[in-house]
Amino acid sequence: MFANNQLFAAPLAGITDKPFRKMVRMFSPDVRLITEMISCHSLVEQHKNCPRNFDSYDDEGDIGAQIFGAVPELMGTAAKILQDQGAKWIDINMGCPVPKVATRSGAGAYLMRDHVLAGKIMTAVVEAVDIPVSIKTRLGWDSDSKDWRDLVNIAYNSGVSWVALHGRTRAQGYLGNAELPDVHDCPLPIIANGDIRTKNDIERVQTLGYSGAMIGRGMLGQPWIFDDLLSPEKYNRNIEKMVLQHLEFVLEYYGEKVGVPMFRKHVAWYSSGMPNSGEFRVKINSITTESELKLAISEFWGCV
């Protein structure tokens, strides 16, 4: 079984913001966190409508900041800003499959199609900072171009410290089963990502030569998942207390107007699989105030 510092909380857009990371940290002080992906343009230009541009990471322990973009110089500048804000390492997104990133912006997964540009970006970021740099990528653009090994070799020659590999192509998105290849012969440590939810999943990727494991969607509704994986005993958790604590973190960060609608998805994940959860999710989707949401949460978990 991997140690704490070999387990990573994956960067999930719209999910792993500062409030969610605080929840993970409550249970797992030593796992490695990664921010949501941050646009190098938005960060360098200090866009006011994106609060994560102004996060300080000094109180977040071992945390990497993930950036995306297609301009090497801007990516280097963004990396330097994040280093100054307290990030312990920089992660370059080379796997995001959504069209606005991977096609219209020429960033994310698109860099699997342009290895020359990918190499320039990696070199620019490595040279801009004094902290480690990693990349997160996929098997390839589609089933006919699974050239992830080429990108790993470029990363090695660019001074990158490790690679997180998601076991799907860009064309797959998040559909189908992740298929993680054997990585024993890779020149860099490789972190396994994709469909990792259990201790058995982690032990399986260890046999394939991976140096760590990254959990993504397995965190949804259970930010304590790392604690459960590493602990020999299971806990009877007070879910209502955890949900209300997460809500408080969200309200502190975003305020009521933005935070309450944003938090509905988390409530849905926390309640998934519980009795009457379907009706509960319908109810909370019309709630717009802090007081109503807190009451609904307390009533639901009080009846479970």
Can you list the steps and then say if M75 with M122 is a side-chain contact (heavy atoms from CB on, under 4.5 Å)? CA-CA 9 Å; M75 289 287 279; M122 287 186 267; over 6 Å; no

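- The minimum heavy-atom distance between G86 and D58, with the atom names listed, is CA-OD1, 3.5 Å.
- The distance from the CG atom of L295 to the OG1 atom of T289 is 9.5 Å, given to the nearest 0.5 Å.
- Residue E292 places its CD atom among more than 12 non-hydrogen atoms of other residues, nucleotides or ligands, all under 6.0 Å distant.
- Side-chain atoms of R25 and V31, non-hydrogen and from C-beta on, do get closer than 4.5 Å to each other.
- Remark: side-chain polar atoms of Q83 are paired, donor with acceptor, to backbone N or O of D130 under 3.5 angstrom.
- Cation-pi contact between R149 and Y156: absent, since separation from the ring centre below 6.0 Å together with deviation from the ring axis within 45° is not met.
- To the nearest 0.5 angstrom, I297 atom CD1 is 5.0 Å from L244 atom CG.
- For T207 (side chain) and R204 (main-chain N/O), a donor-acceptor pair under 3.5 Å exists by modelled atom type.
- Using a distance-only test at 3.5 Å, with no hydrogens or angles considered, a donor-acceptor pair links the side chain of D142 to the main chain of S145.
- Remark: side-chain polar atoms of D201 are paired, donor with acceptor, to backbone N or O of T198 under 3.5 angstrom.
- Residues D55 and T35 fail the side-chain proximity criterion, which asks for heavy atoms closer than 4.5 Å.
- The 12-atom threshold is exceeded at CG of D84, counting heavy atoms of other residues, nucleotides or ligands nearer than 6.0 Å.
- No side-chain heavy atom of P97 sits under 4.5 Å from any side-chain heavy atom of R168.
- Both F263 and M274 belong to a single network of hydrophobic side chains, linked directly or stepwise wherever heavy atoms of I, L, V, M, F, W or Y lie under 4.5 Å apart.
- Taking OG1 of T16 as the start and CZ of R52 as the end, the distance is 9.0 Å to the nearest 0.5 Å.
- Hydrophobic clustering places L165 together with L208 (ILVMFWY residues linked when any side-chain heavy atoms are closer than 4.5 Å, directly or through intermediates).
- To the nearest 0.5 Å, atom OH of residue Y110 and atom CG of residue L117 are 8.0 Å apart.
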Can L151 and H115 be said to form a side-chain contact (heavy atoms from CB on, under 4.5 Å), step by step? CA-CA 7 Å; L151 198 57; H115 287 182; 3.8 Å; yes

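- You'll find the side chain of L33 stays beyond 4.5 Å of the side chain of Y57, heavy atoms only.
- The side-chain heavy atoms of Y210 and I190, taken from C-beta on, include a pair separated by under 4.5 Å.
- Nearest heavy atom pair, residue L251 against residue V260, reads CD2-CG2, 4.1 Å.
- Under the 4.5 Å side-chain heavy-atom criterion for grouping Ile, Leu, Val, Met, Phe, Trp and Tyr, F54 is not connected to F249 through any hydrophobic cluster.
- Salt bridge annotation for K18-D59: present, with a cationic side-chain nitrogen under 4.0 angstrom from a carboxylate oxygen.
- Smallest separation of non-hydrogen atoms from P181 and L139: CD-CD2, 3.8 Å.
- What you find for V98 and R170 is that their closest heavy atoms are C-NH2, 4.4 Å.
- Donor-acceptor pairing under 3.5 Å is recorded for the side chains of W89 and S134.
- Between the side chains of S211 and Q6, no donor-acceptor pair of N or O atoms lies under 3.5 Å.
- A pairwise comparison of heavy atoms in R264 and I284 identifies NE-O, 3.5 Å as the closest pair.
- At a threshold of 4.0 Å, the pair D91-R32 does not count as salt-bridged, since none of the basic side-chain nitrogens sits closer than that to a carboxylate oxygen.
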Step by step, would you call W224 with M26 a side-chain contact (heavy atoms from CB on, under 4.5 Å)? CA-CA 8 Å; W224 49 79; M26 283 176 57; over 6 Å; no

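- Between F280 and W301, the ring center distance clears the sub-6.0 Å criterion.
- Two residues are said to be in side-chain contact when any heavy atoms from C-beta on lie closer than 4.5 Å; L43 and Q46 meet this criterion.
- Atom CG of L220 is separated from atom CD1 of I15 by 5.0 Å, given to the nearest 0.5 angstrom.
- No salt bridge links R21 with E36; every basic N to acidic carboxylate O contact stays at or beyond 4.0 Å.
- Side chains of Q172 and E179 form no contact here, defined as non-hydrogen atoms less than 4.5 Å apart.
- The two residues M94 and A118 come nearest to each other via the heavy atoms CE-O, 3.7 Å.
- You'll find the side chain of F68 stays beyond 4.5 Å of the side chain of C40, heavy atoms only.
- In summary, the side chains of N49 and H47 do not present any donor paired with an acceptor at a separation below 3.5 Å, with no hydrogens or angles considered.
- The aromatic rings of H266 and W269 sit perpendicular to each other, their planes meeting at more than 60°, with 30° as the lower class boundary.
- Distance check, rounded to the nearest 0.5 Å: NZ of K22 to CZ of F20 gives 14.0 Å.
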Pair F300, K283 - check side-chain contact (heavy atoms from CB on, under 4.5 Å), show working. CA-CA 11 Å; F300 176 75; K283 177 180 180 179; over 6 Å; no

